[in-house]
Amino acid sequence: MDTLIDLGGGFASALEPVSLAFALLGVLLGTVVGVLPGIGPISAIAILIPVSFGMEPVHGLILLCGIYYGSMYGGSITATLIKTPGEVASAVTAIEGYEMARRGRGKAALATAAIGSFLAGTLAIVGLTFLSPVLVKLANVFGATEYFLLMATALLLASTMSSGSRAKALVSIFIGLAVGLVGLDFQTGLPRQTFGMSLLSDGIDFTIFAMALFAIPEAIRNLALGRGAKDVIQSFGDDTWMTKQDWQRSAMPWARGSVLGFIIGILPGVGPSLASFMSYIMEKRISKRKSEFGKGAIEGVAGPEAANNAGVGGAMIPLFSLGIPGSATTALLLFVFTMYGLQPGPLIFRDESGLIWTIIASMYIGNVALIILNLPLVGVFVKLLKMPKEILFSSILVLVVIGAYAIEFSLFGLMMLGIFGVIGYLMEKGGIPLAPSILALVLVPLLEDNFRRMLQISGGSFMPLLTRPVSLSIILLMVAGIIAPIIFRWWVRRRQLLADVSVG
Amino acid sequence: MKTMSPALKGDVITGSAVTVVGLVYYIATFWIQETKNIVTPRTFPAIVGVALILLGVFIVVQAVYRGKKAAEVGPGDGDTASASVDGDGATASASVSSGVVLDAPEDPPSKKVVLQFALFFVYLALLIPVGFLLSTAAFLMTMTSIYARDRWIRNLIFSVLFAVIIYVAFVYGLAVYLPVGILG
């Protein structure tokens with residue numbers, strides 16, 4: 001009941017004209033940036049963080065949450081019409097959605113994505129609304145040991161569940177940790193890993209790192225590729241939005257995708273991308289129309305898109321109630337909170353309860369705005385796909401340069417941006433995923449702080465990890481979380497799904 | 001090594017680079033002052049350095065081992081053998097846990113990448129002394145014209161307009177004061 005009162009209060013302030021305007025602006029801005037080929041939610045938020053400098057915390061956060069939602073939806077437009085997913089999460093949409101568009105069913109693909117996203121997104125926020133207060137109560141018994149463990153779990157899961165090589169995902173995490181440790185040690189004030197440069201003693205700015213990694217390599221790669229074969233933009237057809245049969249075929253995938261996405265989203269360190277892949281595989285497996293998959297099956301769009309957006313809501317739960325981000329994107333949001341001097345976690349629900357509930361309420365509003373604005377405006381967004389690449393990517397380079405300048409106001413900050421841009425490019429070339437390093441960079445101060453406190457309390461012994469009941473349960477869950485995917489893979493391989501799902 | 005596929009060769013390079021980075025990072029920890037705490041300021045950086053070294057070595061060993069195995073199977077099968085091991089390591093395409101294989105993005109020629117980065121660094125260096133408006137317009141003009149030389153009129157209009165609009169928006173709209181440089 002208390003929750004409903006809090007939420008009501010949140011709605012009261014989220015519906016104020018200014019807050020409402022920021023929610024709408026965020027969704028719109030997010031969609032516009034997300035539609036741009038090659039730009040996914042992470043890049044969109046990273047590029048747009050500087051815009052929120054100097055705003056009221058609540059407005060800045062409402063804006064960025066809106067951008068997150070909007071860019072996810074924008075990404076599915078791009079995936080459907082030119083088969084260029086902005087990030088892994090919409091990669092499966094690029095398979096079925098694009099095939100649907102090729103068959104003149106683009107409108108139906110976009111509609112099922114939008115409606116599924118709306119339903120799943122809303123359900124996930126309902127989950128967030130009611131689960132967060134429970135988790136906050138639970139978190140009151142958490143000590144340094146549990147926090148350390150949760151963060152270590154998040155990092156470990158982020159490496160085991162990402163695509164490609166696990167060793168390389170771990171490399172990415174350790175690169176993030178390595179960057180995060182540069183600067184003055186907060187406990188002793190001693191300089192660390194500064195290579196004698198006093199400018200490095202403030203550490204490496206998170207936004208500069210994020211912008212450098214997520215905008216520069218992609219921009220440079222596209223500019224260097226030069227004018228190649230033009231992207232074929234599928235028209236989204238003048239066909240009706242969705243037929244009765246489309247609704248029938250989409251309903252169950254939406255429901256299954258929502259549940260799956262929400263559960264996966266809550267897991268620390270596992271973002272929505274895994275949710276959309278698992279949903280795709282699940283839909284394909286249980287479908288009676290297996291032969292249609294790969295040729296434009298609507299289930300293959302409805303399920304993953306729902307899972308994707310449910311995952312976003314799910315990932316907000318550990319972020320809000322424990323202060324632990326579940327993915328690179330939520331890590332960016334955590335950074336924005338701390339930029340405003342706010343620390344998500346149990347305390348924020350007590351000390352800043354008005355703020356946090358306003359943000360939660362604005363997410364409901366953002367989701368409604370997404371569907372009201374975006375289905376009718378899809379024709380406008382599609383025009384953005386035609387933007388010449390050289391103009392798009394050179395503008396992005398300028399925008400990140402402004403962002404970096406606005407943070408440091410120095411040549412040093414600008415050079416950091418360039419250097420990490422090169423590092424990001426080399427990482428991508430070497431097959432090292434970029435996202436885990438962002439998560440690690442955000443978590444490293446908390447990880448180290450809690451690790452130190454844990455050992456100080458116990459006098460240097462690691463036993464509390466096993467003797468504290470909460471900590472022991474987390475360890476057991478963590479072991480299960482690592483073993484489960486291995487069993488899942490083995491089971492999938494046994495069923496020889498590998499062969500018939502391959503599309504490449 | 002001769003029969004190694006490009007992907008595996010790439011892994012040897014990546015792994016070696018990671019090892020070198022880890023080594024440099026670990027050596028740098030020797031300059032951190034030790035304290036008497038249980039977890040000293042050096043503990044975490046040292047763990048990170050060692051972990052990077054080990055991971056780098058692991059990636060190299062794994063690639064060499066796979067290369068040998070592929071060579072035994074026969075030179076022609078090398079690529080396919082490494083690619084079907086659920087993307088763990090050597091594939092250029094991203095295959096996610098359960099076998100949805102995505103097309104790998106195209107790789108641009110290295111020479112062009114170096115050129116683009118060089119131009120970007122020139123822009124970064126000139127931004128403050130020359131000022132935002134002039135350096136940005138010049139940078140945009142250069143980048144767009146390398147890409148599409150024939151459309152120089154459009155490029156020029158875009159470069160100037162974009163620089164001016166962004167300048168006005170940030171300075172007057174968001175109160176982010178961009179460098180004025182020689183125009184100031």
Side-chain angles (χ1 to χ4, degrees), chain A residues 51 54 88 91-92 163-168 170-171 174 177-178 181 185 187-188 190 192-193 195 220-221 223-227 277 280-281 390-391 394-395 397-398 401-402 405-406 411 414-415 417-418 421-422 425 430-432 448 451-452 455-456 460 485 489 492 497-498 501-504, chain B residues 10 13-14 17-18 25 28-29 32-33 35 37-39 41 44-45 48 51-52 55 58-59 62 86-89 93-103 105-106 108-109 112-113 116-117 120-121 123-125 127-128 136 139-140 143-144 147-148 158 162 166 170 174-176 178-179:
Chain A
V51 177
V88 199
V92 281
S163 53
S165 156
R166 253 165 287 168
K168 286 182 179 175
L170 274 173
V171 168
F174 279 100
L177 294 175
L181 288 168
D185 174 30
Q187 207 181 43
T188 57
L190 294 169
R192 299 196 286 182
Q193 309 300 82
F195 298 92
I220 296 277
R221 198 176 64 81
L223 286 169
L225 267 177
R227 214 185 286 181
F277 273 94
Y280 183 75
I281 289 157
E390 67 274 26
I391 287 190
S394 55
S395 314
L397 288 177
V398 170
V401 167
I402 295 174
Y405 180 76
L411 181 65
L414 294 176
M415 284 300 149
L417 179 79
V422 174
Y425 189 87
I432 298 170
E448 192 183 21
F451 182 69
R452 281 170 163 176
L455 290 184
Q456 251 147 30
R489 269 183 213 215
V492 166
L497 260 170
L498 197 72
V501 187
S502 296
V503 209
Chain B
I13 297 169
T14 307
V18 170
Y25 200 81
T29 64
I32 300 173
Q33 209 178 315
T35 60
N37 306 36
I38 292 164
V39 182
F44 257 59
V48 170
L52 283 173
L55 283 167
F58 174 78
I59 292 171
Q62 194 185 35
D86 85 318
D88 218 345
S93 55
S95 110
V96 175
S97 59
S98 321
V100 181
V101 182
L102 306 167
D103 303 332
E106 236 179 301
K112 280 192 172 171
V113 174
Q116 303 279 351
F117 266 118
F120 186 56
F121 273 98
Y123 173 48
L124 290 173
L127 183 76
I128 298 175
T136 301
F139 172 71
L140 287 174
M143 291 307 241
T144 48
Y147 197 99
F158 158 73
F162 188 79
I166 289 286
F170 273 84
L174 295 164
V176 172
L178 298 171

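Because only heavy atoms are used, hydrogens play no part in the values below, and waters and symmetry mates are left out as well, while side chains stay in. Every chain is numbered from 1, with letters handed out A, B, ... down the list of sequences.
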Do you know which two heavy atoms are closest between B:Pro109 and A:Ala224, and how far apart they sit? CD-O, 4.3 Å
What part of A:Phe174 lies closer than 4.5 angstrom to a heavy atom of chain B: side chain, backbone, both or neither? both
Max heavy-atom pair count under 4.5 Å with chain A, selected residue of B:Ile128, B:Leu178, B:Thr136: B:Ile128
Return the CD1 to CG distance between A:Ile432 and B:Leu55, rounded to the nearest 0.5 Å. 9.5 Å
Does any backbone or side-chain atom of B:Ala125 lie under 4.5 Å from a heavy atom of chain A? Answer side chain, backbone, both or neither. both
Would you mind checking which part of A:Ser395 comes under 4.5 Å of any heavy atom in chain B, side chain (CB onward), backbone (N, CA, C, O), both or neither? both
Separation of A:Met415 CE from B:Leu124 CG (nearest 0.5 Å): 5.0 Å
Under 4.5 Å from any heavy atom of chain A - which part of B:Phe44: both
So with a 6.0 Å cut-off around CZ of B:Phe58, is the heavy-atom count from everything else above 12? no
Here the pair of heavy atoms bringing B:Phe117 nearest to A:Gly421 is CZ-O, 3.7 Å
What option among A:Leu417, A:Thr188, A:Leu223 has the most heavy-atom pairs under 4.5 Å with chain B? A:Leu223
Could you tell me which of A:Leu177, A:Leu190, A:Asp185, A:Ile220 has the largest number of non-hydrogen atom pairs under 4.5 Å with chain B? A:Ile220
Using non-hydrogen atoms and a 4.5 Å limit, figure out which bit of B:Val113 sits close to chain A: side chain, backbone, both or neither. both
Spacing of OH belonging to B:Tyr25 relative to CG belonging to A:Leu181, to within rounding of 0.5 Å: 4.5 Å
Under a 4.5 Å cut-off applied to non-hydrogen side-chain atoms, are A:Gln193 and B:Thr29 in contact? yes
Any non-hydrogen side-chain atom of A:Val171 less than 4.5 Å from a side-chain atom of B:Ile59? yes
For the backbone of B:Pro41 and the side chain of A:Arg192, can you confirm whether one donor and one acceptor N or O come within less than 3.5 Å of each other? yes
Non-hydrogen atoms of A:Ser394 and B:Thr144 that approach each other most closely: OG-CG2, 3.7 Å
I'd like to know which of A:Gln187, A:Gln456, A:Glu448 tops the heavy-atom pair count under 4.5 Å against chain B. A:Glu448
Any idea which heavy atoms bring B:Ile166 and A:Ile402 closest together, and the distance? CG2-CD1, 3.1 Å
Using non-hydrogen atoms and a 4.5 Å limit, figure out which bit of B:Thr35 sits close to chain A: side chain, backbone, both or neither. side chain
Quick one, B:Phe139 with A:Leu397, criterion side chain to side chain contact (heavy atoms under 4.5 Å, CB included). Give me CA distance, side-chain angles, the key distance, then yes/no. CA-CA 10 Å; B:Phe139 172 71; A:Leu397 288 177; 3.8 Å; yes
With a 4.5 angstrom heavy-atom cut-off, which part of B:Ile13 approaches chain A: side chain, backbone, both or neither? neither
Taking every heavy-atom pair that is under 4.5 Å apart, which of A:Tyr425, A:Phe451, A:Tyr405 has the most such pairs with chain B? A:Tyr405
Qualifying residue for side-chain contact (heavy atoms from CB on, under 4.5 Å) with A:Ile391, from B:Phe162, B:Phe158, B:Tyr147: B:Phe158
